[in-house]
Amino acid sequence: MSEEVKNNQEYGADQIQILEGLEAVRKRPGMYIGSTSARGLHHLVYEIVDNAVDEALAGYCTHIEVIIEEDNSITVKDDGRGIPVGMNHKAGKSALEVVFTVLHAGGKFGGGGYKVSGGLHGVGASVVNALSTWLTVEVCREGKVYSQSYKRGHTDEPVKEIGTCNPEDHGTKVHFLPDPKIFEETVFDYDTLKQRLRETAFLTKGLKITLKDTREDSHHNHVFHYAGGIKEFVQYLNRGKEPLYEEVIYCEGNKENVYVEVALQHNDSFNDSTYSFVNNIITPEGGTHLAGFRNALTKTFNAYARANKILKDSDPALTGDDIREGLTAIISIKIEEPQFEGQTKQKLGNSEARGAVDSVVSEKLTYFLEQNPEIAKNICEKSLLAQRAREAARKARDLTRRKSALEGTSLPGKLADCSDKDPKNCEIFIVEGDSAGGSAKTARSRATQAILPLRGKILNVEKARLDRIYGNAEIKAMITAFGTGIHDDFDISKLRYDKIIIMTDADVDGAHIATLMLTFLYRFMPELIKQGHVYLATPPLYKIEKNKGVWYAYSDEELNNILVEIGRDQNNKIQRYKGLGEMDAEQLWETTMDPERRILKRVEYDEEYASEIDVTFTTLMGDKVEPRREFIEANAKYVKNLDI
Ligand code: 1YM
């Protein structure tokens, strides 16, 4: 029985309170900000920033500053008009107070323009206020500075004039501390804010966003300011790749009250990295705007290729997949009343968006191709190569399918499968190397644990074309073992194991192999990661023996703790594990495989940060050395235990 129903029975029907105003937000925070985990915590910042971004889109704000203060409170400052402080007669209080204390007030009563506020769609400042221990807002307007403070959403003092400012200055400053009674996590992560704010800056051409961390031991700061907007976003996404041509193709236009912006550039990879946004909010499941874009792209390139005899009359048309091979694209539209559909409300439903994007892209792209025949030819030829490779891959796949039809559902020879046939109970360990694979086969619990040893490094799918990928023995083994198929054939209901556990050595090579496997899963079976089926095993780094006791440590910190606990004696025997191969079957079971004792790390995929995850994979696995070196240097602090 739910908590709420229980309470109602206890108090009786008469006592049922109608949840009012901000109390409702504190009672059900998840309904307003999604969750009270780290994700929800960071959403508070985006809600406030989004109000400032709206002010930028209205043309009044050029700079937004975000500061993580020493006590993990947040300051957001803009140079917009300043929230109006005058009396709102309908509410009987200052407009400023209404914005922060009345649910759904938002910027709606300004009227005009787009109400963009991202996050959970514009519930805004009052929600942040309700979920903060305290919040203070300062407004600078017409030479005066006004301020008001609140505690847990309740007004602490009336709006008051606290000083003067230069009459030319104007803006709004919000300072708040998230309430630890609400949030499970109250420490802000710099990189999480950095990624989102960078994306916001790309999507809002010309807007400068600065981020500063003033906490002890973490003095970072970044400035994001892109005159080229989404054109620069595409360049950023292609940073680790080799672009096919220099210029980013850009289409912009206004149709049926939809403002459309599209930027695209092909690179020499084989993936489609297209991201779509509506009012600055990412739409991970696409929708009508994405459909309009795809239609325009396929139509325009086929028409060009036919007209210019790159495709002969007898040749089959290029498919959308052919044209989108190696494409990086951003579709960003602004629309007055977005409707979101689908289970997770992440898919745009407005039908006018389809036509608007289709028409703007068709028109602008046709013109661009006519003006740039070199680039046009280049893209058409890459698409033709993709068409041929896809044909070869289809043949290879059909061959494998036919073979498996003849030989029955032939599981890979190296797979030691489990006996339980209910996937919910089953897990598969993908193990680096035949020798560790051998120990794992001895160690495992046969009923529920399957072992698939892979020999050496698997193919880097970031650098290989489909036909080669389908032909690779290690990859084929994984695909057949999982049972789901890949790409268009992918069917998660056929997954044979609930957990896919990558088990590699705890050293640099092991980390590299794990990354190669994750790259494959991310590019070919992303749903497995999104739905939480992919895990990393954590083998111990040390074995400590004293008298008859044995301890395992999974980090240097843990080793120290154990040594403090048992005493640092001469006779302590400390063994540093170099790899899985050094453990016998029993040790491997005890430390890494036994569901009762092991540590598993689930691989997370937050769609909100999809474009950044994409960049990380290309940076780590792509051709270019320089971006990779920069990335590793920038992230070196996270890899303390590198064993080089
Ligand atoms: C650091 C957060 O909230 N800036 C901000 C908010 C508003 C305005 C300017 C604003 C809007 C309008 C007119 C309008 C808001 N005003 C309202 C409301 N930064 C931040 N900057 N004048 C100023 O929309 O017409 C809500 S948000 F409702 F009071 F107009």
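Just so you know, ligand 1 is whichever comes first in the structure, and atom 1 is the first atom listed for that ligand. Values reported hereafter were calculated over all heavy atoms of this structure, with side chains retained and with hydrogens, waters and symmetry mates removed. Just so you know, residue 1 is the first one in the sequence shown, and it goes up from there. Source: prediction; values computed, not measured.
The backbone and the side chain of Ile48 each have at least one atom closer than 4.0 Å to an atom of ligand 1 (non-hydrogen atoms only). The side chain of Asp78, and not its backbone, has at least one atom closer than 4.0 Å to an atom of ligand 1 (non-hydrogen atoms only; side chain from C-beta on).
A salt bridge links Lys77 with Glu65; the closest basic N to acidic carboxylate O contact falls under 4.0 Å. Here Asp189 does not pair with Arg39 in a salt bridge; the nearest charged N to carboxylate O distance is not below 4.0 Å. Of the charged side-chain nitrogens involved, none lies within less than 4.0 Å of a carboxylate oxygen, so that Lys364 and Glu252 do not count as a salt-bridged pair.
Nearest heavy atoms, Leu103 versus Gly21: CD2-O, 4.2 Å.
Taking all heavy atoms of Gly82, Ala52, Pro84 into account, the minimum distance to atom 30 (F) of ligand 1 is reached by Pro84. The option from Glu138, Glu47, Arg141, Glu55 that lies nearest to atom 9 (C) of ligand 1, judged by heavy atoms, is Glu55.
Applying the 4.0 Å criterion to heavy atoms of Ile83 picks out, from ligand 1, the atoms 3 (O), 5 (C), 6 (C), 7 (C), 15 (C), 16 (N), 29 (F). Residue Val99 has at least one heavy-atom neighbour below 4.0 Å for each of these atoms of ligand 1: 17 (C), 18 (C), 26 (C), 28 (F), 29 (F).
Distance check, rounded to the nearest 0.5 Å: CD1 of Ile331 to CD1 of Ile230 gives 9.0 Å.
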